[in-house]
Asks: 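Have a look at the structure that comes next, please.
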Amino acid sequence: MYPKLPPLNALRTFEAAARHVSFSLAAKELHVTHGAVSKQVKGLEEYLAIPLFLRQHGRLQLTDEGRCYLTHIQSALQIINNATVDIQAHLLGTQSLAINVLPSLSLGGLIPRLEEFKSLYPNLYVDLSIGDHPVDFSQSHYDIAIRTATSEPQGVNFIKLMDEDLCLVCSPQIAEQMNTLNDINDMVLLKHTLRPNMWQLWSQALGLKLTTEKKFGMAHFYMLKQAAVSSMGVALIPRFHIEEQLADGSLVIPFAVSFTSPYSYYLLTPKSSNCPFKVQAFIDWILQVFAPYRKI
């Protein structure tokens, strides 16, 4: 029905390059390389059999045809954008999304990030709750749950969000008291009581013998984080939970050692072949949030 319709990606690339009159700025906006922008624009020019840009002495300039084409393409892209906004608002305007997440995850940084999701879908009502109990979707109203597990969940649809890479962290004051990794044995070990063997697994992976008996137990990572900030001892905490504290200097990583625990984070949804739009929207968003922590 549209025999003269060029590839949409080429049109988006041309619009950005023409608006900025720069392939480099277009590449930055679209999160691609300069070469990718150049290739898309060249392909569009070959498709149209019309030059859209003049390239002279390292300078870029729109041709008259390119300038005219830009006006029409911007109008068309705006129509598509508006239509997308309208249909999403219609789909989500009367819906709610019930999400149940681990307490440490919500308090460890997910809640501040949710403002971004709400800005993308302002008409969708988000109902966030916390829990670490086993999830039975037939007995709950959740659309999505996030849990940790040492093996792939059964009886649900799941997506692995990330492995649990634990950072050895402490306050700057505690870090000043340690010169080598063996000095850990002079410190209080802040222990995750739901992961009682984690310090032992960590020390075995590093070939370190733990001799200290000084320990303080807490049930959640956010409690361990606050204890570490308060100089109560050293802790093993996933980086996702402590980005803010590492940035402001209230926590530091005294030694560059890495350790991946047996646990992984999973996003769970009811067992079904259909994925509602609201659920898929959250999945797409949270995969971007966790992207820096995922092992490719």
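Note: hydrogens, waters and symmetry copies are ignored here, and every other heavy atom, side chains too, is used.
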Asks: Between P254 and L168, is any pair of side-chain heavy atoms under 4.5 Å apart?
Replies: yes
Asks: Does the separation of the ring centres of H241 and Y222 fall below 6.0 angstrom?
Replies: no
Asks: Tell me yes or no: between the side chains of D284 and Q288, is some donor less than 3.5 Å from an acceptor?
Replies: no
Asks: What are the two closest non-hydrogen atoms of W199 and A235, and how far apart are they?
Replies: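 It is CZ2-CA, 3.9 Å.
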Asks: Treating Ile, Leu, Val, Met, Phe, Trp and Tyr as nodes and any side-chain heavy-atom pair under 4.5 angstrom as an edge, say whether V252 and I237 lie in one connected cluster.
Replies: no
Asks: Where does the angle between the aromatic ring planes of F14 and Y69 fall among parallel (under 30°), tilted (30 to 60°) and perpendicular (over 60°)?
Replies: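 Rings of F14 and Y69: tilted, as their planes differ by 30° to 60°.
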Asks: What I'd like to find out is whether the side chain of V279 reaches to under 4.5 Å of the side chain of L97, using heavy atoms alone.
Replies: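 They are in side-chain contact.
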Asks: Which heavy atom of S231 sits nearest to which heavy atom of S171, and what is that distance?
Replies: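 It is OG-OG, 2.7 Å.
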Asks: If the threshold is 4.0 Å, N to carboxylate O, is there a salt bridge linking E152 and K160?
Replies: no
Asks: Taking only Lys NZ, Arg NE, NH1 and NH2, and the carboxylate oxygens of Asp or Glu, determine whether K278 and D143 approach each other closer than 4.0 Å.
Replies: yes
Asks: Can you find a side-chain donor-acceptor pair between N100 and S129 that sits under 3.5 Å?
Replies: yes
Asks: Side chains of D127 and S96 only: does a donor on one sit below 3.5 Å from an acceptor on the other?
Replies: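 No, no side-chain donor-acceptor pair sits under 3.5 Å.
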Asks: What's the spacing between M223 CE and H192 NE2 if we round to 0.5 Å?
Replies: 9.5 Å
Asks: If I take atom CG from residue L77 and atom CD from residue E15, how far apart are they, to the nearest 0.5 angstrom?
Replies: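 Taking CG in L77 and CD in E15, the distance rounds to 6.0 Å.
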Asks: Treating Ile, Leu, Val, Met, Phe, Trp and Tyr as nodes and any side-chain heavy-atom pair under 4.5 angstrom as an edge, say whether F137 and L128 lie in one connected cluster.
Replies: no
Asks: Would you say M232 ends up clustered with V229 if hydrophobic residues are merged whenever their side chains have heavy atoms under 4.5 Å apart, either directly or through other cluster members?
Replies: yes
Asks: So do the side chains of V234 and V169 get within less than 4.5 Å of each other, counting heavy atoms only?
Replies: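 No - every pair of side-chain heavy atoms lies 4.5 Å or more apart.
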Asks: Look at the rings of F23 and F53 and say which category their plane angle falls in: under 30° parallel, 30 to 60° tilted, over 60° perpendicular.
Replies: perpendicular
Asks: Measure the spacing between CD of E213 and CG of L189 and express it to the nearest 0.5 Å.
Replies: 9.5 Å
Asks: Once you round to the nearest 0.5 Å, how far does CG of L114 lie from CD1 of I286?
Replies: 7.5 Å
Asks: Parallel, tilted or perpendicular: which describes the rings of Y142 and H133, with under 30° parallel and over 60° perpendicular?
Replies: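 Rings of Y142 and H133: tilted, 30 to 60°.
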Asks: Quick check on F216: does its CZ atom have over 12 non-hydrogen neighbours (other residues, nucleotides or ligands) under 6.0 Å away?
Replies: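 Check fails, neighbour count at 12 or below.
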Asks: Test side chain to side chain contact (heavy atoms under 4.5 Å, CB included) on L44 and L11; report intermediate values, then the result.
Replies: CA-CA 8 Å; L44 181 60; L11 296 178; 4.1 Å; yes
Asks: Taking all non-hydrogen atoms of both residues into account, name the closest pair between M178 and I184 and its distance.
Replies: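 Minimum heavy-atom contact is SD-CD1, 3.8 Å.
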Asks: Are any side-chain N or O atoms of S119 and backbone N or O atoms of E116, one a donor and one an acceptor, separated by less than 3.5 Å?
Replies: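 It does hold such a pair.
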Asks: Can you tell if the side chain of Q280 reaches within under 4.5 Å of the side chain of F282, non-hydrogen atoms only?
Replies: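 No; the side chains remain at least 4.5 Å from each other.
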Asks: Please check if the side chain of S38 supplies one atom and the backbone of H34 the other of a donor-acceptor pair under 3.5 Å.
Replies: no
Asks: Kindly indicate whether a cation-pi arrangement holds for R195 with Y263, taking the cut-offs as under 6.0 Å to the six-membered ring centre and within 45° of the axis.
Replies: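 Satisfied, under 6.0 Å and within 45°.
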Asks: Check step by step if salt bridge (charged side-chain N to carboxylate O under 4.0 Å, His left out) holds for R55 and E45.
Replies: CA-CA 13 Å; R55 304 162 177 85; E45 290 177 320; 3.1 Å; yes
Asks: Applying side chain to side chain contact (heavy atoms under 4.5 Å, CB included), run through D165 and F259 and close with a yes or a no.
Replies: CA-CA 6 Å; D165 292 323; F259 172 70; over 6 Å; no
Asks: Applying the 4.5 Å side-chain criterion to the ILVMFWY set and letting contacts propagate, would L267 and V156 be lumped into a single cluster?
Replies: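 No; tracing contacts between hydrophobic side chains, which count when under 4.5 Å, never links both residues.
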Asks: Could you tell me whether the side chain of K118 and the main chain of L124 form a donor-acceptor pair under 3.5 Å?
Replies: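 Side chain of K118 to backbone of L124: a pair is present.
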Asks: At what distance, to the nearest 0.5 angstrom, does CD of Q226 lie from CG of L190?
Replies: 11.5 Å
Asks: Are any non-hydrogen side-chain atoms of I159 and Y266 less than 4.5 angstrom apart?
Replies: no
Asks: Quick one: closest heavy-atom pair of N179 and F255, and the distance?
Replies: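 Looking at all heavy atoms of both residues, the closest pair is O-CE2, 3.7 Å.
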Asks: Would you please say whether a donor-acceptor pair under 3.5 Å links the side chains of N182 and T180?
Replies: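 Side-chain D/A pair, N182 to T180: absent.
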Asks: Can you tell me if K39 has over 12 outside heavy atoms packed within less than 6.0 Å of its NZ?
Replies: no
Asks: Are Q177 and D186 side-chain neighbours, meaning at least one heavy-atom pair lies under 4.5 Å?
Replies: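 Answer no - side chains too far apart.
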Asks: For the pair T193 and M218, evaluate side chain to side chain contact (heavy atoms under 4.5 Å, CB included) and give the outcome as yes or no after the intermediate values.
Replies: CA-CA 6 Å; T193 54; M218 299 179 186; 5.7 Å; no
Asks: Heavy-atom distance under 4.5 Å between the side chains of V37 and T33, does that happen here?
Replies: no
Asks: To check you understand the geometry: which heavy-atom pair defines the closest contact between S272 and N157, and what is its length?
Replies: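 Taking every non-hydrogen atom into account, O-ND2, 2.8 Å.
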Asks: Carefully, step by step, assess K209 and T211 under the rule side chain to side chain contact (heavy atoms under 4.5 Å, CB included).
Replies: CA-CA 6 Å; K209 184 177 180 180; T211 59; 4.2 Å; yes
Asks: Measuring from atom CG of D163 to atom OG of S261, what distance do you get when rounded to the nearest 0.5 angstrom?
Replies: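 So the gap between those two atoms works out to 8.0 Å.
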Asks: Which atoms form the tightest heavy-atom contact between L224 and K191, and what is the distance?
Replies: CD2-O, 3.7 Å
Asks: Is the closest side-chain heavy-atom distance between L30 and R12 below 4.5 Å?
Replies: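 With C-beta onward as the side chain, the pair touches.
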Asks: Using ring-ring contact (aromatic ring centres under 6.0 Å, His included), reason through F240 and F290 one step at a time and then give a plain yes or no.
Replies: CA-CA 8 Å; F240 179 86; F290 279 89; 4.9 Å; yes
Asks: Will you find, in the side chains of E164 and Y293, an N or O donor that is under 3.5 Å from an N or O acceptor?
Replies: no
Asks: Using the rule that two of Ile, Leu, Val, Met, Phe, Trp, Tyr join whenever any of their side-chain heavy atoms come within less than 4.5 Å, decide whether V21 and L54 are in one cluster.
Replies: no
